[in-house]
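Computed from a predicted model, the values in this text were never measured in an experiment. Below, each value reflects all heavy atoms present in this structure, side chains not excepted, and no hydrogens, waters or symmetry copies.
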Amino acid sequence: MSAEIVTVTRGSSPLILSMPHPGTGVPPEVAAQLNARGKLVEDTDWHMRQLYSFAAPFQPTIVEAQLSRFVIDLNRDPAGVSLYPGQATTELVPTTTFDGAPIWQTAPDASEIERRKAAYFQPYHTALASEIERVKAEHGYCVLWDCHSIKSVIPRLFEGTLPTLNLGTNSGQSCAASVEGSAIAAMAGHPFTQIANGRFKGGWITRHYGRPAERVHALQMEIALSAYLSEENAPWTFDAPKAAALQTALSAIIAAALDAAKTLARSHS
């Protein structure tokens, strides 16, 4: 497993933080195919490790991608099936930015996409699946929290301004009802605009790994970049004072989900 593809930081709790999109790395053979716009890797989930530094007391396991989503998107169905039929989105290997701007000089063909799936997609998911099984074996259950962020205004993807907090549970299918309900109730206790299962109700990671009947509870949190960056454009500067209130809210939401999952596991033991 290459450190340039995925980094795993093991913790001792039932919590796993999945970070599929904070990476900015691009292998040389892929960089040679990108155009100038693509090389900016602008659709990155910026500063995820710094934003989630508050989670250290939870002792989470962190599975973090090092490569840009422009190389291959780790939160898309590897079969190429759209997660949001009828809505604009980006592909397993994106052809454009979120705004619709082309990113390739030479668009990857089917064989190149297959190569990237084996070389870059699979190592992340092998690591994530392994950690889920380890955590579940150790604790009897696992809470998988999929960490994301995005610009708050992207007309191609959604109307108006995105809420700050966008919790996704695949419409309640990726975690137990009590886990979802506890997370939503905790989220409501904070003064951010928010929605559950709105435009972003969970990508492939949430949908694929969330198996509440098997005590694997998966939740996705999509956050508007405006909540923790100085500006939603380059150089994508982290704003610690602005982020503090957001971190307080995220900590409460994660704690509520963990408590609910623990209670549920005890009731079935």
Side-chain angles (χ1 to χ4, degrees), residues 11-21 45 48 51-52 54-55 57-64 74-77 81 83-84 124-125 127-150 163-190 192 194-223 246-247 249-269:
S12 58
S13 81
L15 176 64
I16 296 177
L17 301 179
S18 164
M19 299 180 178
H21 295 148
D45 295 8
M48 283 289 102
L51 177 62
Y52 277 89
F54 70 85
F58 293 118
Q59 299 181 309
T61 291
I62 302 174
V63 181
E64 180 185 13
L74 302 172
N75 199 31
R76 295 289 182 270
D77 188 329
V81 177
L83 298 173
Y84 295 98
Y124 185 87
H125 287 282
L128 182 56
S130 175
E131 292 307 308
I132 290 170
E133 289 307 308
R134 179 186 65 81
V135 165
K136 186 183 166 188
E138 184 173 338
H139 298 279
Y141 66 100
C142 172
V143 173
L144 174 63
W145 184 270
D146 206 33
C147 310
H148 295 268
S149 63
I150 194 169
T164 298
L165 300 175
N166 300 263
L167 184 70
T169 63
N170 194 23
S171 299
Q173 296 182 63
S174 67
C175 67
S178 62
V179 175
E180 178 191 53
S182 295
I184 291 172
M187 185 167 68
H190 294 270
F192 293 103
Q194 57 193 257
I195 193 169
N197 294 303
R199 174 61 179 87
F200 298 102
K201 59 182 184 178
W204 191 75
I205 289 171
T206 307
R207 302 182 198 196
H208 179 69
Y209 293 106
R211 299 184 297 275
E214 299 173 29
R215 301 184 189 178
V216 178
H217 307 283
L219 305 93
Q220 175 180 293
M221 180 60 81
E222 185 81 69
I223 301 167
L246 174 64
Q247 291 170 317
L250 291 171
S251 182
I253 300 164
I254 291 173
L258 284 169
D259 286 347
K262 183 178 182 179
T263 299
L264 190 64
R266 282 178 172 173
S267 70
H268 288 89
S269 61

Rounded distance (nearest 0.5 Å) linking atom [atom1] of [X] with atom [atom2] of [Y]:
X	Y	atom1	atom2	value
Cys175	Arg215	SG	CZ	15.5 Å
Asn75	His21	CG	NE2	5.0 Å
Glu131	Leu17	CD	CG	12.0 Å
Ser18	Glu64	OG	CD	10.0 Å
Leu15	His217	CG	NE2	12.5 Å
Leu167	Gln194	CG	CD	9.5 Å

Can you confirm whether [X] sits close enough to [Y] that some side-chain heavy atom of one is under 4.5 Å from a side-chain heavy atom of the other?
X	Y	answer
Leu250	Ile223	yes
Ile150	Phe200	yes
Cys142	Arg134	no
Leu128	Leu74	no
Leu219	Ile254	no
Lys262	His139	no

So, the side chain of [X] versus the backbone of [Y]: is there a donor-acceptor pair under 3.5 Å, distance only?
X	Y	answer
Thr61	Ile16	no
Gln220	His148	no
Asn166	Ile195	no
Tyr141	Arg266	no

Count the heavy atoms belonging to other residues, nucleotides or ligands that lie under 6.0 Å from NZ of Lys136, then report whether that count exceeds 12. yes
Heavy atoms only: give me the nearest [X]-[Y] pair and the separation to one decimal.
X	Y	value
Leu51	Gln247	O-NE2, 2.9 Å
Ser12	Gln59	OG-OE1, 3.0 Å
Pro20	Cys147	CD-O, 3.8 Å
Phe58	Ser251	CZ-O, 3.5 Å
Ala218	Ser174	O-OG, 2.6 Å

For Val179 and Thr169, run side-chain contact (heavy atoms from CB on, under 4.5 Å): C-alpha distance rounded to whole Å, both residues' side-chain angles, the deciding distance at 0.1 Å, then the answer. CA-CA 10 Å; Val179 175; Thr169 63; over 6 Å; no
Determine the interplanar angle of the His125 and Tyr209 rings, folded into 0 to 90°, and report it as parallel if under 30°, tilted if 30 to 60°, perpendicular if over 60°. parallel
Describe, in one word, how the ring planes of His208 and Trp204 are oriented to each other, choosing from parallel (under 30°), tilted (30 to 60°) and perpendicular (over 60°). parallel
For side-chain contact (heavy atoms from CB on, under 4.5 Å), just list the numbers for Met19 and Asp45, CA-CA rounded to whole Å, side-chain angles, deciding distance to a tenth of an Å, and then say yes or no. CA-CA 9 Å; Met19 299 180 178; Asp45 295 8; over 6 Å; no
Side chains of Ser171 and Asn197: donor-acceptor distance under 3.5 Å anywhere? no
